[in-house]
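Working notes for the structure below.
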Amino acid sequence: MEVDVARTKDGRLVVLHARELAALTGTSGKQVSEYSWPELSQLRWGDSDEGVVPVKPLLQLLQPSLQTIILDVKPTLDDNMQPTDLPVMTSAVAALLREVPCPNCIVWGKFDELALALRQAVPGQSVGYVVMNETAEVRSAGWDVPLRSPEAQVTALHYAMASTQLLDLLHAAAKRVIVWTANAPHMVRLALDAGADGVVTSYPKMVQKALMQRRDACLRLYGHAPVG
């Protein structure tokens with residue numbers, strides 16, 4: 001499970017992405033750090049009683065029962081897409097993980113400083129970095145460079161970049177590669193064909209179906225399930 005982690009104006013870590021904030025408030029262009037926890041806690045999804053959830057109780061609930069939890073850290077960004085509060089965010093996430101140890105968690109983000117700082121603050125914690133090349137802005141930030149964070153054990157690779165050659169390169173560097181966000185069958189095929197170690201999706205049953213189809217095809221052709 002992937003959990004987007006943002007920080008409120010008064011320092012609470014909450015599960016919220018900027019696009020979800022826009023849907024909740026009806027106002028685009030705002031960031032989570034512009035709101036206090038009391039303000040966010042009053043918001044509701046449509047006509048339901050469901051609202052914004054703090055990270056800590058969710059992590060306490062999920063950690064014992066899930067194999068992998070991804071904490072995707074979302075710092076506040078300036079107009080140049082640079083983080084303005086990354087040290088504070090990193091310290092807050094580190095404090096959370098010391099309070100709620102999560103050996104099955106992977107913490108990743110777009111900024112490489114996060115992986116280094118968290119490895120120092122929480123020794124043994126699995127950390128990763130995001131690789132993507134969707135836009136010129138992203139490429140100018142260097143987020144398309146596949147091998148750029150030696151401290152990280154995990155590479156979060158955008159599905160459009162998934163290829164056997166790139167996965168071989170990352171695996172040779174001892175990186176575990178998780179492809180995101182595969183929300184259509186062709187995206188899942190790209191990830192599986194490339195040899196991804198994991199897939200982030202909003203539709204887990206679709207990925208499960210694709211894996212079962214591959215297993216059945218291997219059984220028919222070779223008499224055994226896929227290896228590796």
Side-chain angles (χ1 to χ4, degrees), residues 1-5 17 59 62-63 66-75 81-83 86-87 89-90 93-94 96-97 101-135 137-184 186-202 204 207-208 210-211 214 225-228:
M1 175 176 286
E2 185 182 52
V3 176
D4 290 324
V5 179
H17 191 286
L59 190 59
L62 297 178
Q63 190 277 326
L66 292 182
Q67 182 178 3
T68 303
I69 302 169
I70 297 167
L71 302 180
D72 188 353
V73 178
K74 305 290 187 183
M81 300 294 289
Q82 292 302 305
L86 191 58
M89 276 288 295
T90 303
V93 173
L96 169 68
L97 291 170
C102 188
N104 47 329
C105 281
I106 302 168
V107 187
W108 72 37
K110 295 183 176 71
F111 301 95
D112 300 349
E113 301 93 329
L114 173 72
L116 176 59
L118 271 175
R119 288 284 285 176
Q120 293 173 341
V122 190
Q125 183 65 54
S126 293
V127 296
Y129 60 100
V130 172
V131 177
M132 57 194 295
N133 66 354
E134 290 178 283
T135 65
E137 186 178 50
V138 162
R139 292 188 291 273
S140 68
W143 296 344
D144 61 326
V145 178
L147 289 174
R148 64 173 201 267
S149 183
E151 300 82 12
Q153 307 98 325
V154 181
T155 302
L157 184 67
H158 187 257
Y159 78 88
M161 295 183 68
S163 69
T164 303
Q165 293 83 357
L166 183 51
L167 270 289
D168 286 347
L169 175 70
L170 291 165
H171 285 149
K175 305 293 187 186
R176 179 182 175 194
V177 183
I178 299 179
V179 173
W180 60 276
T181 297
N183 279 347
H186 75 279
M187 300 176 188
V188 176
R189 284 195 299 273
L190 280 172
L192 298 181
D193 287 347
D197 300 298
V199 178
V200 174
T201 181
S202 301
V207 177
Q208 185 179 39
L211 289 169
R214 287 172 184 246
V227 178

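Positions are given from 1, in the same order as the sequence printed here.
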Legend entry - side chain to side chain contact (heavy atoms under 4.5 Å, CB included) between His171 and Val177, intermediate numbers included: CA-CA 8 Å; His171 285 149; Val177 183; 3.9 Å; yes

Inset, instruction - Tell me, with the steps shown, if Leu62 and Cys102 meet side chain to side chain contact (heavy atoms under 4.5 Å, CB included). - result: CA-CA 10 Å; Leu62 297 178; Cys102 188; over 6 Å; no

Legend entry - Residue pair Val154, Trp108: steps toward the side chain to side chain contact (heavy atoms under 4.5 Å, CB included) verdict: CA-CA 8 Å; Val154 181; Trp108 72 37; 4.1 Å; yes

Legend entry - Test log, rule side chain to side chain contact (heavy atoms under 4.5 Å, CB included), inputs Lys175 and Gln153: CA-CA 5 Å; Lys175 305 293 187 186; Gln153 307 98 325; over 6 Å; no

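To the nearest 0.5 Å, atoms CE (Met161) and CG (Asn133) are separated by 4.5 Å.
In this structure, the side chains of Leu147 and Leu170 come closer than 4.5 Å at one or more pairs of heavy atoms. Contact annotation: the side chain of Val131 never approaches that of His158 to less than 4.5 Å [non-hydrogen atoms, C-beta and beyond]. Side-chain atoms of Glu2 and Trp180, non-hydrogen and from C-beta on, never get closer than 4.5 Å to each other. Using a 4.5 Å cut-off on side-chain heavy atoms (C-beta onward), Leu166 and Leu157 make contact. Here the side chains of Ile178 and Ile106 are in contact, with some heavy-atom distance below 4.5 Å. Residues Thr90 and Val93 are not in side-chain contact: their nearest non-hydrogen atoms beyond the backbone lie 4.5 Å or more apart. Inter-residue side-chain proximity for Val200 and Val179 is flagged as unmet; no heavy-atom pair is nearer than 4.5 Å. With a 4.5 Å cut-off on side-chain heavy atoms, Lys110 and Lys74 count as touching.
With sequence neighbours excluded, the residues forming a side chain to side chain contact (heavy atoms under 4.5 Å, CB included) with Met187 are Tyr159, Ala182, Ala184, listed by chain and number. Evaluation of the salt bridge (charged side-chain N to carboxylate O under 4.0 Å, His left out) rule for Asp193 yields Arg214 as partners, not counting sequence neighbours. Annotation: side chain to side chain donor-acceptor pair (under 3.5 Å) contacts of Asp144 (sequence neighbours excluded): none. Applying the side chain to side chain contact (heavy atoms under 4.5 Å, CB included) rule to Glu137 yields the partners Met81, Thr135; only residues at least two apart in sequence or on another chain are considered. Every residue two or more places apart in sequence or in another chain was checked for a salt bridge (charged side-chain N to carboxylate O under 4.0 Å, His left out) with Arg189, and none qualifies.
Judged by distance alone, the side chains of Gln67 and Asn104 never bring a donor and an acceptor atom under 3.5 Å apart. If you check the side chains of Asp72 and His17, you find no donor sitting under 3.5 Å from an acceptor.
For Trp143 and Tyr129, the distance between ring centers is not under 6.0 angstrom.
Minimum heavy-atom separation, Leu167 to Ala162: CD2-CA, 4.3 Å. The nearest pair of heavy atoms linking Val199 to Ala191 is CG2-CB, 3.9 Å.
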Could you tabulate the donor-acceptor pairs under 3.5 Å formed by side-chain atoms of residues 112-121, not counting sequence neighbours?
| unit_1 | atom_1 | unit_2 | atom_2 | d |
| --- | --- | --- | --- | --- |
| Asp112 | OD1 | Arg148 | NE | 2.8 |
| Asp112 | OD1 | Arg148 | NH2 | 3.3 |
| Asp112 | OD2 | Arg148 | NE | 3.0 |
| Arg119 | NH1 | Gln125 | O | 3.3 |

